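What follows is one structure encoded as structure tokens, with my remarks underneath.
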Amino acid sequence: MAEDPTISAILETYAEDATESNDSGRIIWVESSDDNIAKFVDFLLQSMNVDKHIYKWTYSLCKYGDLYLRLYRESEFKDDLFLNVSN
């Protein structure tokens with residue numbers, strides 16, 4: 001269905017509209033009353049390069065209706081939440 005030029009243009013328009021940046025040039029940003037949460041989520045967004053990949057992810061979400069991201073975690077962020085657990 002996405003081979004049709006009209007539908008393909010509409011999918012691209014949806015993805016472009018959903019990923020427009022704000023005045024400071026960010027597409028996704030964090031707002032929280034808890035500064036620790038805001039810092040952690042901002043760290044995650046930056047480490048995953050979300051601003052770089054968000055258009056492709058949004059386009060796939062519009063086209064297929066779902067999106068699968070596999071994350072390989074090697075973090076410099078120190079927190080008790082991420083202690084190594086033996087399997």
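In this text, all values refer to a predicted model and were calculated from it rather than measured experimentally. For the numbers below, each heavy atom of this structure counts, side chains included, while hydrogens, waters and symmetry mates do not.
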Crowding at CD, E31 (>12 non-hydrogen neighbours, <6.0 Å):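 Counting neighbours around CD of E31, 12 or fewer heavy atoms of other residues, nucleotides or ligands fall under 6.0 Å, so no.
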Heavy atoms from other residues, nucleotides or ligands near OH of Y55 exceed 12 (cutoff 6.0 Å):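 Yes, the 6.0 Å shell around OH holds more than 12 heavy atoms from other groups.
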Which heavy atom of Y59 sits nearest to which heavy atom of S8, and what is that distance?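 Minimum heavy-atom separation between Y59 and S8: OH-OG, 4.3 Å.
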Identify the heavy atoms of A38 and V30 that sit nearest to each other, and give their distance.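 Between these two residues, the closest heavy atoms are CA-CG1, 3.5 Å.
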As an exercise, state the distance from CD1 of I27 to CG of L45, rounded to the nearest 0.5 Å.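 It comes to 11.5 Å.
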Could you tell me the separation between the CD1 atom of I28 and the CG atom of N22, rounded to the nearest 0.5 Å?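 I28 atom CD1 to N22 atom CG measures 11.0 Å (nearest 0.5 Å).
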Test: salt bridge (Lys or Arg N to Asp or Glu O under 4.0 Å). Region: residues 40-62. Which pairs qualify, not counting sequence neighbours?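 Every pair satisfying salt bridge (Lys or Arg N to Asp or Glu O under 4.0 Å) with a residue in residues 40-62: R26-D42, R26-D51.
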Report the residues that fulfil ring pair (Phe, Tyr, Trp, His ring centres under 6.0 Å) with W29, sequence neighbours left out, ordered by chain and then residue number.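 If we apply the ring pair (Phe, Tyr, Trp, His ring centres under 6.0 Å) test to W29, skipping adjacent residues, there are no hits.
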Quick check: do W57 and L61 have side-chain heavy atoms less than 4.5 Å from each other?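 With C-beta onward as the side chain, the pair stays apart.
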With sequence neighbours excluded, what pairs up with T6 under the side chain to side chain contact (heavy atoms under 4.5 Å, CB included) test?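 So T6 forms a side chain to side chain contact (heavy atoms under 4.5 Å, CB included) with D4, I10.
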For I37, side chain to side chain contact (heavy atoms under 4.5 Å, CB included) partners two or more places apart: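 Expected list: S32, D34, V41.
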Which residues satisfy the side-chain hydrogen bond (donor to acceptor under 3.5 Å, both in side chains) test with S33, sequence neighbours excluded?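 Applying side-chain hydrogen bond (donor to acceptor under 3.5 Å, both in side chains) to S33 gives none.
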Looking at T58, I7, L11, which one forms a side chain to side chain contact (heavy atoms under 4.5 Å, CB included) with K63?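 Exactly one candidate clears the test, L11.
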Just jot down the salt bridge (charged side-chain N to carboxylate O under 4.0 Å, His left out) partners of D23, sequence neighbours excluded, or say none.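 D23 satisfies salt bridge (charged side-chain N to carboxylate O under 4.0 Å, His left out) with no other residue.
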